[in-house]
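Notes for the one structure printed next.
Since this is a predicted model, take the numbers as computed values, not measurements.
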Amino acid sequence: MKRVSPLFLVLLVLGFFFATYNLLTMIIHYKTSTSEQWDLSDPFIQLPGNLMEGGGSNSKYHVALTATDAPYSQWQCRIMYYWYKKVKEMPGSDMGKFTRILHSGKPDNLMVEIPTFVVDPLPEGLDRGYIVLNRPWAFVQWLEKAMIDEEYILMAEPDHVFVNPLPNLARGKHPAGFPFFYIKPSDHEHVIRKYYPEEKGPVTNIDPIGNSPVIIRKSVLEKIAPTWMNISLRMKDDPVTDKAFGWVLEMYAYAVASALHDVHHILHKDFMLQPPWDTEVGKKFIIHYTYGCDYNLKGELTYGVIGEWRFDKRSYLSGPPPRNLSLPPPGVPESVVRLVKMVNEATKNIPNWDTLNRG
């Protein structure tokens, strides 16, 4: 075997250090800012204009997520699709059909198990190692080429699990989105103005959202998607913007693209919860397990330290987690316990779980 370059190892360590530092900074800020920024007693944080709260769209929405053929993406998609099928027919659900938009350019071994539409990735090198840039391009292709029966679309992600039946939260032309604490256009006005000119109005017109989860009318997304793609590429190509937004660059691009088309989202805090910071499931609809959950055996969360008990999706980059994961110790919040139980149920019932998508 060839020896690994010492310079490569140093760069790899530095890369992980900065990624971990940025994530921990956001986590600490999340814990301190969530309850201060919004009135959490009201599931609606903001309604566009004079839109009334009563009455949803009463239309089915198509569930769509973008994915790759990597084992890390595949096992998450399998769990997500399992819970989609369980929740779809429950009372209160407006779910329609499901599509995994596979932007690897070729079929993979989940084509039979999960409804899948294959699209092309960006030309080689264009994403500059930021694979999320393929998401808007994937949606552009899918919207142009696929037959989509539903009037609305839910843009979801592989690491989402449906914990309660999800109605159509959109209202007419107004999409429903989730407010992310770290998407703050006003804090980056000098950067935002490169893409959102002053004649369009104040940067407060830009919603604090990403593209997922969002429930949106198909005709509206068809207008936004090409702009979202182009702005994402322009932002990544600009060193100042790339440094300012980092791994959430594509989320800012979607928010800006929506505002450029005068599309404003209903901000719905109960759309999603993110363990371990959100501790109760309640009436929320989606569990997003993007953060690692680390606890000691007393049930205490450990910040930035691998816990005596842990669940972190990044522990399973090359293959799926084993069946029957150990449950958290006593004292761990309900949201984390519920997540692990849901993962265990899915892996118990999905055929060929341990072998199908191991790299």
Side-chain angles (χ1 to χ4, degrees), residues 22-23 25-30 32-40 42-51 128 130 132-133 135-137 139-140 155 169-217 220-269 271-272 274 290:
N22 289 334
L23 181 59
T25 302
M26 293 175 65
I27 286 171
I28 293 169
H29 181 69
Y30 180 91
T32 58
S33 70
T34 301
S35 61
E36 296 174 359
Q37 187 170 356
W38 301 312
D39 176 10
L40 300 187
D42 186 350
F44 296 97
I45 294 170
Q46 180 180 326
L47 291 165
N50 296 319
L51 190 63
R128 301 189 182 185
Y130 181 55
V132 184
L133 279 187
R135 182 178 293 158
W137 173 223
F139 269 107
V140 167
M155 293 189 284
L169 301 175
R171 281 156 172 75
K173 66 179 182 180
H174 293 286
F178 177 79
F180 288 91
F181 73 94
Y182 49 80
I183 302 298
K184 297 182 176 181
S186 296
D187 288 358
H188 301 282
E189 183 166 1
H190 66 293
V191 175
I192 291 291
R193 284 304 185 193
K194 296 182 179 183
Y195 315 95
Y196 189 74
E198 290 189 8
E199 55 265 29
K200 290 295 295 182
V203 295
T204 52
N205 288 344
I206 301 171
D207 295 327
I209 57 168
N211 81 288
S212 174
V214 162
I215 300 178
I216 185 170
R217 184 174 274 172
V220 177
L221 183 57
E222 287 171 340
K223 296 177 182 178
I224 294 174
T227 308
W228 171 29
M229 180 189 71
N230 290 331
I231 290 179
S232 295
L233 294 172
R234 286 177 55 201
M235 285 183 170
K236 189 63 181 175
D237 196 48
D238 180 68
V240 174
T241 307
D242 192 19
K243 181 179 180 180
F245 294 157
W247 66 272
V248 296
L249 179 148
E250 169 267 342
M251 297 172 69
Y252 271 101
Y254 174 80
V256 171
S258 298
L260 285 171
H261 287 278
D262 299 315
V263 174
H264 301 288
H265 296 67
I266 304 166
L267 305 183
H268 204 298
K269 78 171 187 67
F271 209 152
M272 186 169 73
Q274 302 185 97
T290 189

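For K223, there are no salt bridge (charged side-chain N to carboxylate O under 4.0 Å, His left out) partners two or more places apart in sequence or in a different chain. Scanning for ring-ring contact (aromatic ring centres under 6.0 Å, His included) contacts around H261 gives an empty result, with sequence neighbours left out. Not a single side chain to side chain contact (heavy atoms under 4.5 Å, CB included) links P239 to another residue, sequence neighbours left out. Listed by chain and number, the residues in a side chain to side chain contact (heavy atoms under 4.5 Å, CB included) with N205 are Y196, P202, H264 (sequence neighbours excluded). For R128, the side-chain hydrogen bond (donor to acceptor under 3.5 Å, both in side chains) partners are D237, not counting sequence neighbours. In this structure, the side chain to side chain contact (heavy atoms under 4.5 Å, CB included) partners of D242, at least two apart in sequence or on a different chain, are K236, L249. R193 is linked by a salt bridge (charged side-chain N to carboxylate O under 4.0 Å, His left out) to E189, counting only residues two or more places apart in sequence or in another chain. Partners of N230 according to the side-chain hydrogen bond (donor to acceptor under 3.5 Å, both in side chains) rule, which considers only residues two or more places apart in sequence or in another chain, do not exist here. Residues passing the salt bridge (charged side-chain N to carboxylate O under 4.0 Å, His left out) test with K173: none are found, sequence neighbours excluded. Residues forming a ring-ring contact (aromatic ring centres under 6.0 Å, His included) with F245 (at least two apart in sequence, or on another chain): H188, Y252. Applying the side chain to side chain contact (heavy atoms under 4.5 Å, CB included) test to A257 and every residue at least two apart in sequence or in another chain returns I224, T227, W228, I231.
The shortest heavy-atom contact between V256 and I192 is CG2-CD1, 3.9 Å. For the pair F139 and N211, the tightest heavy-atom approach, listed with the atom from each and the gap, is CE1-ND2, 4.2 Å. Shown here for D207 and A255, the closest heavy-atom pair between the two residues is O-CB, 3.4 Å. In terms of heavy-atom proximity, S232 sits nearest to L133 at CB-CD2, 3.6 Å.
Proximity of L221 to S258: side-chain heavy atoms (C-beta onward) are nowhere separated by under 4.5 Å. Under the 4.5 Å side-chain criterion, counting only non-hydrogen atoms from C-beta, D262 is in contact with K200.
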**Request:** Please assess V214 against Y254 for the test side-chain contact (heavy atoms from CB on, under 4.5 Å), listing each intermediate value before the final yes or no.
**Result:** CA-CA 11 Å; V214 162; Y254 174 80; 3.6 Å; yes
**Request:** Quick one: do L169 and I266 satisfy side-chain contact (heavy atoms from CB on, under 4.5 Å)? Show the steps, please.
**Result:** CA-CA 8 Å; L169 301 175; I266 304 166; over 6 Å; no
**side-chain contact (heavy atoms from CB on, under 4.5 Å) evaluation trace for D238 with Y195** = CA-CA 11 Å; D238 180 68; Y195 315 95; 3.6 Å; yes
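Rounded to the nearest 0.5 angstrom, H174 NE2 and I216 CD1 are separated by 11.5 Å.
A donor-acceptor contact shorter than 3.5 Å is absent between the side chain of S186 and the backbone of T204. For R217 (side chain) and A170 (main-chain N/O), no donor-acceptor pair under 3.5 Å exists by modelled atom type.
Relative ring orientation between F178 and F180 is described as perpendicular, the plane-to-plane angle rising above 60° on a 0-90° scale split at 30° and 60°.
Checked against a 6.0 Å centroid threshold, the rings of F271 and H265 do not count as neighbours.
The salt bridge (Lys or Arg N to Asp or Glu O under 4.0 Å) contacts involving residues 250-260 comprise R135-E250, where partners must be two or more places apart or lie in separate chains.
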